[in-house]
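From a predicted model like this one, the values you see are computed outputs, not experimental measurements. In what follows, chains are A, B, ... by sequence order, proteins preceding strands, each numbered from 1.
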Protein chains: 2
Amino acid sequence: MEKLDHLDRRILAILQRDAGLSLEELGDRVGLSRNAVWRRVKALEEAGIIRARVALLDPEKLGLGLTVFMMIKAERHTTDWLDNFTRATADMPEILGAYRMTGDLDYLIRARVADVKAYDRLYKDLIARVDLHDVSASFVMEETKETTALPV
Amino acid sequence: MEKLDHLDRRILAILQRDAGLSLEELGDRVGLSRNAVWRRVKALEEAGIIRARVALLDPEKLGLGLTVFMMIKAERHTTDWLDNFTRATADMPEILGAYRMTGDLDYLIRARVADVKAYDRLYKDLIARVDLHDVSASFVMEETKETTALPV
DNA sequence: TATGAAAAGGGCAAGGA
DNA sequence: TCCTTGCCCTTTTCATA
């Protein structure tokens with residue numbers, strides 16, 4: 001795919017907020033015909049710029065009211081350790097993000113749990129699977145911003 | 001809406017990964033007719049459990065290859081400061097998440113930028129708008145996990 | 001880009017297990 | 001109550017200009 005033009009960016013901005021619009025509606029908003037917009041969206045999907053269309057759920061309504069960040073130092077710095085950590089975090093559905101970092105904390109985990117008790121279970125599950133040198137948790141009191149929309 | 005049953009959870013699990021499926025396909029996967037599934041999805045939307053359907057974009061392909069976490073201490077602990085911080089982060093599209101935390105770091109910001117230079121611009125923009133007592137950035141070398149799917 | 005037309009899907013109502 | 005079936009309208013997809 002060639003470079004994105006202004007209309008592509010408008011389309012992406014809209015679809016990042018609402019991917020349930022009809023092509024008719026989307027076309028109206030960017031000033032293209034239904035069909036012209038359809039072709040652009042298809043090209044964006046084929047180029048992999050649009051990775052997926054997903055449903056976002058309300059964590060509170062699912063009883064996942066607490067976001068927690070876990071700062072982690074690895075016990076060993078080996079490929080095996082990293083593979084094991086990657087596998088363990090992939091298997092644990094409460095863990096939404098896991099990041100290998102610069103600086104003196106090695107890894108950061110972002111997770112969603114019901115409450116502090118549920119965090120403790122997550123912590124125990126994790127240390128049962130991965131050798132950790134140090135873990136400290138910070139709980140989120142308020143999410144002032146949380147979006148999946150990237151700047152386009 | 002009453003409590004979620006097993007089928008609702010299956011439906012949510014599928015839609016969190018792919019919201020572009022037809023009702024026919026979704027029905028097949030959970031063992032319901034097109035219409036039965038349609039009614040359940042509609043109820044889940046009306047209950048607000050399904051918050052939105054969105055397109056997820058590929059950050060690399062948009063030139064946003066670097067994820068950064070900023071650990072922040074506030075200059076003042078006042079309502080005005082918090083309002084100002086909330087407004088500033090809401091206005092900055094590179095900032096994907098902003099969290100008020102427990103522990104001795106006050107705020108955590110999760111952002112996506114092109115590179116370290118772009119991070120520096122983000123940093124300057126932020127300190128121009130918000131009085132910060134302390135900021136430290138950690139860059140993400142590798143995202144071993146990153147999902148929008150909550151456990152259901 | 002636009003048009004038009006075939007195929008697929010969505011929304012709704014009536015009826016059955 | 002919850003599911004299925006059938007009908008009609010909208011959307012998607014694609015061929016062609």
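- Partner of B:Arg40 under the side chain to side chain contact (heavy atoms under 4.5 Å, CB included) criterion, out of B:Val30, B:Asp5, B:Leu12: B:Asp5 alone.
- Remark: A:Lys42 is in phosphate contact with D:dC14, judged by side-chain N or O atoms under 4.0 Å from OP1 or OP2.
- Contacts between residues 12-37 of chain A and DNA chain D, defined by a heavy-atom separation below 4.0 Å, involve A:Ser22, A:Leu23, A:Arg34, A:Asn35, listed by number.
- The distance from atom CD of B:Glu45 to atom C1' of C:dG10 is 12 Å, rounded to the nearest whole Å.
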In residues 57-65 of chain B, what donor-acceptor pairs under 3.5 Å come from side-chain atoms, sequence neighbours left out?
unit_1: B:Asp58; atom_1: OD1; unit_2: B:Glu60; atom_2: N; d: 2.9
unit_1: B:Asp58; atom_1: OD1; unit_2: B:Lys61; atom_2: N; d: 3.3
unit_1: B:Lys61; atom_1: NZ; unit_2: A:Ala47; atom_2: O; d: 3.4

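- A salt bridge between B:Asp125 and B:Arg129 is absent, with no side-chain N of the basic residue lying under 4.0 Å from a carboxylate O of the acidic one.
- Linking Ile, Leu, Val, Met, Phe, Trp and Tyr residues whenever their side-chain heavy atoms come within less than 4.5 Å places B:Met101 and B:Phe69 in a single cluster.
- Look at CZ on A:Arg40: it is 17 Å from P on D:dT12, rounded to the nearest Å.
- Comparing C:dG11, D:dC2, D:dT13 against the side chain of B:Trp38 picks out C:dG11 as the nearest.
- Under the 4.0 Å criterion applied to side-chain N and carboxylate O atoms, A:Asp120 and A:Lys124 are assigned as salt-bridge partners.
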For residues 144-152 of chain B, please give each side-chain donor-acceptor pair under 3.5 Å, one per line with the distance, not counting sequence neighbours.
unit_1: B:Thr144; atom_1: OG1; unit_2: A:Ala98; atom_2: O; d: 3.3
unit_1: B:Lys145; atom_1: NZ; unit_2: A:Thr89; atom_2: O; d: 2.8
unit_1: B:Lys145; atom_1: NZ; unit_2: A:Ala90; atom_2: O; d: 3.3
unit_1: B:Lys145; atom_1: NZ; unit_2: A:Met92; atom_2: O; d: 3.0
unit_1: B:Lys145; atom_1: NZ; unit_2: A:Ile95; atom_2: O; d: 3.0
unit_1: B:Glu146; atom_1: OE1; unit_2: A:Tyr99; atom_2: OH; d: 2.7
unit_1: B:Glu146; atom_1: OE2; unit_2: A:Arg110; atom_2: NH2; d: 2.8
unit_1: B:Thr147; atom_1: OG1; unit_2: B:Ala149; atom_2: N; d: 2.9

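- Proximity of A:Arg39 to the phosphate of D:dC14: no side-chain N or O atom is located under 4.0 Å from OP1 or OP2.
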